[in-house]
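Have a look at the structure below before the remarks.
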There are 2 protein chains.
Amino acid sequence: MMDVAARAELSPSTVSLYFRKPDAVSPSASRSIAQAIEALSYVPNLMAGGLAAASSRAVSIIVPSVRNAFFAETVATMQAELGKERLQVMLGHTEYSEREEENLVRMALSWAPAAVVLTGLSHTNATRKLLRDSNVPVVEIWELGSEPIDMAVGFHHEQVGQAAANHLIQRGRKRLVFLGARMQEDRRAAFRAEGFLETARNAGGIVADVIQHPAPSNAAVGAMLLAETVRKFPDVDGIACSNDHIALGVIFECQRLGITIPQRLSVVGFGDLSFSAACNPALTTIRPPGDLIGTEAARLIIENTSGGSVNKQHVIDTRFTLLQRQSS
Amino acid sequence: MMDVAARAELSPSTVSLYFRKPDAVSPSASRSIAQAIEALSYVPNLMAGGLAAASSRAVSIIVPSVRNAFFAETVATMQAELGKERLQVMLGHTEYSEREEENLVRMALSWAPAAVVLTGLSHTNATRKLLRDSNVPVVEIWELGSEPIDMAVGFHHEQVGQAAANHLIQRGRKRLVFLGARMQEDRRAAFRAEGFLETARNAGGIVADVIQHPAPSNAAVGAMLLAETVRKFPDVDGIACSNDHIALGVIFECQRLGITIPQRLSVVGFGDLSFSAACNPALTTIRPPGDLIGTEAARLIIENTSGGSVNKQHVIDTRFTLLQRQSS
DNA sequence: CGCAAAAATAATAGCGCTACGATTTGTAAA
DNA sequence: TTTACAAATCGTAGCGCTATTATTTTTGCG
């Protein structure tokens with residue numbers, strides 16, 4: 001930076017200002033600084049900057065797994081939005097372990113990040129303490145319900161279960177089953193199941209159950225769960241799945257078993273994954289706004305970072321959409 | 001760190017050493033340092049460390065998009081492997097633009113990363129120059145073929161196309177079509193198509209074509225491409241898809257059109273995605289080792305970082321596997 | 001027990017930048 | 001012109017750690 005300053009015949013302070021608040025330097029100074037940067041192919045050292053400022057242009061995003069299309073969507077969107085503000089995304093995967101999340105938060109805080117993004121509202125006490133003490137803005141995504149650490153962007157998963165149940169009931173279904181995978185680890189899937197059961201039980205004249213499998217969701221698990229369901233509850237006529245991978249497996253297994261959808265069985269998924277609209281039959285599903293969660297979370301972070309106005313204590317309910325297609 | 005040192009009644013140097021080379025401090029010193037860290041809930045400042053050492057414990061991974069399950073798998077695996085060594089993953093998405101990749105590399109280098117990971121072998125000249133000048137180890141993943149910047153982990157995509165063509169020919173298929181999406185941007189898909197065509201043309205008695213669509217791959221595009229294929233080439237009896245999303249669309253569209261798989265049409269995919277084994281019929285596909293690419297790339301980075309032995313100029317061919325299932 | 005070599009610990013000198021207040025320069029009204 | 005005020009620029013003093021070299025302590029062996 002001193003070299004750039006020397007070449008531009010300005011002080012290092014002005015060059016620093018040029019990077020941090022471009023509008024605060026005169027157009028002529030800007031021009032000569034830009035030239036000097038170009039000529040020297042100067043790349044600022046963000047670690048020195050972060051050290052001096054006691055805060056870096058890094059945002060730590062911690063999700064269960066980016067293998068999961070939901071979180072991949074949000075992470076990708078956030079990276080694009082934050083990148084515009086020259087904020088770097090640092091990524092961590094908890095694999096659904098709160099203990100691991102705690103480690104990742106500890107590592108993240110070593111970087112004095114501009115913000116920390118966590119998935120869900122359930123964390124260890126140590127994680128909470130670490131974050132509170134650090135005074136870093138925290139955004140919790142993909143779940144609403146209990147009190148956030150400071151900001152939250154997401155929706156209520158119980159409401160998803162309720163919407164699925166209501167939809168099936170509206171379609172005249174009486175014998176409902178919720179199919180879930182890995183619900184011990186995936187709290188949000190469990191909430192969806194809970195909302196589903198509660199709504200069905202309050203409806204009157206409806207019978208509802210949950211069948212689950214401990215493995216991560218995929219179509220093979222969905223097929224197994226459907227097979228188990230028709231064995232246990234031969235009169236089932238409405239199925240909600242904890243996500244579209246399970247639903248896809250249900251569709252294939254029904255094809256193999258000769259169960260017609262939606263004539264004999266209505267199926268509702270969750271996720272609106274890339275294949276959901278193209279299935280045979282096209283899958284009725286509930287679409288969580290993974291991209292909107294990303295843009296809103298990024299917006300909160302950017303406002304908190306640049307604005308200086310501590311806009312904390314925000315909760316944004318992004319809602320979700322039920323997309324009715326052929327499967328119900 | 002000075003506080004920790006004071007509490008442990010040692011010098012800051014020893015505490016620093018404790019973090020960097022734990023084996024170099026005596027067991028008794030280790031113990032008292034550990035206690036002091038615990039008592040003060042000290043979190044080291046990695047930016048100060050990175051500044052002093054002129055190199056950070058961050059690894060920048062730049063992929064087209066983490067929405068793509070292939071790259072999500074590799075990124076997740078790398079994060080897990082690098083996390084063990086307390087290396088932080090910084091993530092960037094190019095959205096298949098080399099210009100954007102250049103920006104991301106520039107941003108990444110501001111962090112003096114321990115390594116930079118790029119997807120593929122095709123980059124702008126400026127990107128190459130930036131990386132060469134920075135002297136940061138570079139690992140290029142998911143593609144082999146031309147000369148890497150310094151290390152590469154992946155496989156030859158032409159060979160994937162060849163394997164698909166050979167498999168279909170072996171199954172007695174004569175009229176082949178390769179279905180591709182977004183092949184202008186996705187060089188690797190284009191290489192697979194190339195390998196497919198070349199092998200089919202060299203086989204004798206085989207006719208092969210490519211049909212493509214500019215949109216990103218998904219099942220809907222696959223369904224469209226299949227419909228177009230049977231319109232243009234009614235005698236088609238073997239199809240290879242640029243990935244399993246396309247293949248899934250093909251399966252569904254064939255169901256709708258009453259085309260039996262594999263009796264009338266053999267289908268081979270690419271990716272072995274989560275649904276591929278559970279399809280109806282189960283999808284024959286070529287499995288790229290996304291996780292192995294991740295572990296090998298992480299290994300190279302760790303060796304380069306800790307070992308000090310500049311193990312550059314490594315090329316690792318991870319190969320791929322053809323999984324024959326019911327669709328061929 | 002004494003000595004050399006090895007192991008453990010400590011002192012020193014920055015790494016490259018930012019925040020802050022201080023200073024200089026520019027500009028419009030009196 | 002002068003003056004007052006805003007805009008632009010600058011100087012200073014670290015941020016918290018690491019690398020290197022120097023020093024002290026421990027160990028093994030005659």
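Chain letters run A, B, ... following the sequence lines, proteins first and then strands; every chain starts at 1.
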Task: Options dT18(D), dG11(D), dA8(D), nucleotide nearest the side-chain atoms of Ser16(B) - done: dT18(D)
TODO: Please check if any side-chain donor atom of Thr74(B) sits under 3.5 Å from a side-chain acceptor atom of Trp142(B), or the reverse.
DONE: yes
- [ ] Answer with base, sugar-phosphate or nothing: what part of the nucleic acid does Tyr42(A) contact at a heavy-atom distance below 4.0 Å?
- [x] sugar-phosphate
Task: OP1 or OP2 of dT9(C) under 4.0 Å from side-chain N/O of Ser26(B) - done: yes
TODO: Name the nucleic acid region contacted by Pro12(B), choosing base, sugar-phosphate or nothing; use a 4.0 angstrom heavy-atom cut-off, strictly under.
DONE: nothing
Open item on the list: Between Ser28(B) and Ala48(B), which residue's closest nucleotide on DNA chain C lies nearer the 5′ terminus?
Closed with: Ser28(B)
TODO: Supply the atom-to-atom distance Asn125(A) CG to Leu130(A) CG, rounded to the nearest 0.5 angstrom.
DONE: 11.5 Å
Open item on the list: Over all strands shown, is Ala53(A) touching base, sugar-phosphate only, or nothing at heavy-atom distances under 4.0 angstrom?
Closed with: sugar-phosphate
Task: Pairwise 5' ranking along DNA chain C for Leu51(B) and Ala29(B), keeping only the more 5' one - done: Ala29(B)
Open item on the list: So does Leu46(B) get a backbone contact from the side chain of Ser110(A), meaning a donor-acceptor N/O pair under 3.5 Å?
Closed with: no
Task: Distance in angstrom units between Leu17(B) CG and dA8(C) C1', rounded - done: 9 Å
Open item on the list: Any N or O donor-acceptor pair under 3.5 Å from the base of dG11(D) to the side chain of Ser11(A)?
Closed with: no
